[in-house]
Amino acid sequence: MQQSTKPLEILIGGDPEFFISDGWYTKSSRGVLGGSKDSPKKVKYGHVQEDNIMVEMNIIPSATAVDFDKNITNLIMEVNTLLHQKGFAL
């Protein structure tokens, strides 16, 4: 068996979950953005899905801390913009 000399690439990602609000009360995310565990909704900076009452975001895996910061920040902003269009916010 031949061993690979290619260095191991380590990527950092995450699947943070957030409650949403109508400005006064915490609301369920069901039926708000779409996407599910089996079929997450593709957005520009990752994926989003309704995870019970919470919104789950799947961040594009990153090779550097700078890229991770950029990806998570852009994804949160993107999802928050989509929520604002429907009268909600993170």
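Distance CG/N71 to CD1/I59: 8.0 Å, rounded to 0.5 Å. To the nearest 0.5 angstrom, L82 atom CG is 12.0 Å from M77 atom CE. Considering OG of S36 and NZ of K41, their distance stands at 12.0 Å, rounded to 0.5 Å. A distance of 7.5 Å separates CD of E50 from OG of S28, quoted to the nearest 0.5 Å. To the nearest 0.5 angstrom, I76 atom CD1 is 13.0 Å from Y45 atom OH.
With hydrogens and angles ignored, the 3.5 Å screen pairs no side-chain donor or acceptor of E78 with any backbone N or O of V43. No donor-acceptor pair under 3.5 Å is formed between the side chain of D67 and the backbone N or O of S62. The backbone N or O of W24 lies less than 3.5 Å from a partner atom in the side chain of D22, making a donor-acceptor pair.
Transitive grouping of hydrophobic side chains (ILVMFWY, heavy atoms separated by less than 4.5 Å) brings L90 and L75 into a common cluster. Under the 4.5 Å side-chain heavy-atom criterion for Ile, Leu, Val, Met, Phe, Trp and Tyr, M57 and M54 are members of distinct hydrophobic clusters.
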- request: Evaluate side chain to side chain contact (heavy atoms under 4.5 Å, CB included) for N80 paired with H84, printing each intermediate quantity in order.
  value: CA-CA 6 Å; N80 210 26; H84 278 280; 3.5 Å; yes
- request: Go through the steps for H47 and I60 under the test side chain to side chain contact (heavy atoms under 4.5 Å, CB included), then give the verdict.
  value: CA-CA 8 Å; H47 292 85; I60 297 170; over 6 Å; no
- request: Quick one: do V79 and F18 satisfy side chain to side chain contact (heavy atoms under 4.5 Å, CB included)? Show the steps, please.
  value: CA-CA 11 Å; V79 170; F18 297 89; over 6 Å; no
Side-chain donor/acceptor pairs under 3.5 Å, residues 9-17, sequence neighbours excluded:
unit_1: D15; atom_1: OD1; unit_2: N58; atom_2: ND2; d: 2.9

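Minimum interatomic distance between S29 and V55 (heavy atoms only, all atoms of both residues): CB-CG2, 3.5 Å.
Counted within 6.0 Å of NZ on K37, heavy atoms from surrounding residues, nucleotides or ligands total more than 12; the atom is thus considered enclosed.
Taking 4.5 Å as the limit, every side-chain heavy atom of K27 sits out of range of all side-chain heavy atoms of I53.
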